Amino acid sequence: MTLEVRDLSIRFGGVAAVTNMSLDVNAREIVGLIGPNGAGKTTFINCIAGVAQPDTGAASWNGRAILGLSPADLLRLGVARTFQSVVSLHDLTVLDLVKLGAAAHARRGRGFLSQFFGSDKAVDEEICESLLAPLNLVDVANSPIQTLSYGQRKSVDLARALACEPQLLYLDEPVAGLTFQEGLNMGAVIRSVRDRFGCSVVMVEHKMDVVMSTCDRIVVMAHGARIFEGTPAETQKDAEVRRVYLGDA
Ligand SMILES: Nc1ncnc2c1ncn2[C@@H]1O[C@H](COP(=O)(O)OP(=O)(O)O)[C@@H](O)[C@H]1O
Ligand SMILES: [Mg+2]
């Protein structure tokens, strides 16, 4: 259950968005990926999520090469993601959207939700109990997404990804746009998700208090490359990290 990324690089025309980036993520580990705007964090995640095709490098999940696989292929291998910007799919309710995620997962032919398919009510109850309750979404289960706050929509996007029962979860700025309190809650939810589902997490995030309290290990990127890796405490103390990032955060 490990992710191994080696020397991944991608250019957009003249821009070297990511340069020789490597990353290891162990089973049940929450790794924070931080760095200034434009550092290449989202591009890096896109490369290992089947959205962008790197120019060079290698990546494997549980020993299986994953570069070139589509997001759907990755989902079948247990890799899911959330998005930096969450759209409001106007008519869908929270339950509808999460069920879409669960249905994608059920097609993989296993999982705790698939056994409930065939009885709508039982599916709804199972989703409410196992996914919506930990994310404080039970009260809005039947509300259209467009009526929710931005913070609630971020939680719905996380519930949708979790409905796929991922073993590896990429979170791109799960706390961006949330209030201070919502952000701290989300950090706690991410840790409880890891404890409950036993998944590994790679989390891109700007809010340092949340990163520090949520992540087991932190990797710092600047100008497309890794400049530091360490525990949250080591990261906060590092002079170079403070200079390029924390100082201006
Ligand atoms: N599709 C694209 N086309 C051209 N340049 C891009 C594209 N995506 C990202 N970039 C550039 O790559 C660099 C890294 O961007 P990004 O990965 O979004 O950084 P971060 O997520 O760390 O803020 C930036 O200079 C950005 O302008
Ligand atoms: Mg980004």
Side-chain angles (χ1 to χ4, degrees), residues 3 5-25 30-59 66-71 74 79-88 150-151 153-158 160-161 166 168-179 182-183 186-187 190 200-212 214-215 217-230 232 235-236 238 240-249:
L3 174 72
V5 186
R6 290 288 171 274
D7 296 325
L8 193 144
S9 300
I10 179 170
R11 300 183 71 91
F12 296 109
V15 180
V18 176
T19 306
N20 289 335
M21 180 66 190
S22 296
L23 180 73
D24 286 297
V25 182
I30 303 177
V31 175
L33 192 56
I34 68 171
N37 266 329
K41 306 178 299 291
T42 295
T43 303
F44 177 73
I45 295 290
N46 284 343
C47 287
I48 55 176
V51 178
Q53 185 65 48
D55 302 320
T56 55
I66 56 166
L67 295 184
L69 298 185
S70 68
L74 287 166
V79 183
R81 75 174 295 179
T82 65
F83 294 92
Q84 185 169 349
S85 313
V86 284
V87 289
S88 55
Y150 188 76
R153 276 186 255 152
K154 296 284 261 200
S155 295
V156 172
D157 193 38
L158 181 55
R160 175 206 45 79
L168 173 61
L169 185 57
Y170 303 137
L171 305 175
D172 196 353
E173 303 207 17
V175 177
L178 305 196
T179 65
E182 284 175 329
M186 182 64 102
I190 290 165
S200 306
V201 177
V202 180
M203 172 178 158
V204 173
E205 187 46 62
H206 272 291
K207 294 231 173 98
M208 291 315 299
D209 41 3
V210 176
V211 172
M212 295 299 165
T214 308
C215 299
R217 186 157 56 89
I218 293 176
V219 172
V220 186
M221 288 182 77
H223 304 294
R226 172 217 295 260
I227 60 161
F228 186 82
E229 173 176 351
T235 306
Q236 258 177 326
D238 186 78
E240 174 72 357
V241 173
R242 296 193 75 84
R243 192 182 65 76
V244 303
Y245 186 49
L246 295 179
D248 67 327

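Every number for a ligand or one of its atoms is a count from 1 in the order of the listing. Everything numeric here is computed off the predicted structure, so don't read it as measured data.
At the shortest separation from atom 19 (O) of ligand 1 among protein heavy atoms lies G40 N, 3.1 Å. Counting only heavy atoms of the protein, atom 18 (O) of ligand 1 lies nearest to T42 CB, 4.0 Å. Looking from atom 24 (C) of ligand 1 to the surrounding protein, the closest heavy atom is G38 O, 3.9 Å. For atom 12 (O) of ligand 1, the nearest non-hydrogen atom of the protein is A17 CB, 3.3 Å.
Considering backbone and side-chain atoms together, A39 places an N or O closer than 3.5 Å to an N or O of ligand 1. Considering backbone and side-chain atoms together, F44 places no N or O closer than 3.5 Å to any N or O of ligand 1. An N or O contact shorter than 3.5 Å is missing between F12 and ligand 1 by distance.
Of the protein's heavy atoms, none falls inside 4.0 Å of atom 26 (C) of ligand 1. Within the 4.0 angstrom cut-off, atom 15 (O) of ligand 1 has one or more protein heavy-atom neighbours.
Counting heavy atoms from C-beta outward, M186 and T214 have side chains that stay 4.5 Å or more apart. Side-chain contact between E229 and L23 is absent, with no heavy-atom pair separated by less than 4.5 Å. Under the 4.5 Å side-chain criterion, counting only non-hydrogen atoms from C-beta, P54 is in contact with L67. Contact of the L3 side chain with the L168 side chain is registered, since non-hydrogen atoms from C-beta on lie closer than 4.5 Å. R81 is listed as a side-chain neighbour of V51, based on a closest heavy-atom distance under 4.5 Å.
A salt bridge is absent between K154 and D157: the closest approach of a Lys/Arg side-chain nitrogen to an acidic carboxylate oxygen does not fall below 4.0 angstrom. Under 4.0 Å is where a charged nitrogen must lie from a carboxylate oxygen, and between R6 and D24 at least one such pair does.
Atoms of ligand 1 found under 4.0 Å from any heavy atom of V15, numbered from 1 in the order shown, are 25 (O). Shown in contact with T43 at under 4.0 Å from a heavy atom are these atoms of ligand 1, numbered in order with element: 9 (C), 14 (C), 15 (O), 16 (P), 17 (O). Every atom of ligand 1 with a heavy atom of N37 under 4.0 Å away is listed here by number and element: 23 (O).
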Test side-chain contact (heavy atoms from CB on, under 4.5 Å) on V220 and E240 and set out the steps. CA-CA 10 Å; V220 186; E240 174 72 357; over 6 Å; no

Taking it one step at a time, do V210 and I190 satisfy side-chain contact (heavy atoms from CB on, under 4.5 Å)? CA-CA 10 Å; V210 176; I190 290 165; 5.9 Å; no

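The shell of residues lying under 4.0 angstrom from ligand 1, judged by heavy atoms, excludes G35.
For the Mg ion (ligand 2), the set of nearby N, O or S atoms under 2.8 Å includes one belonging to T42.
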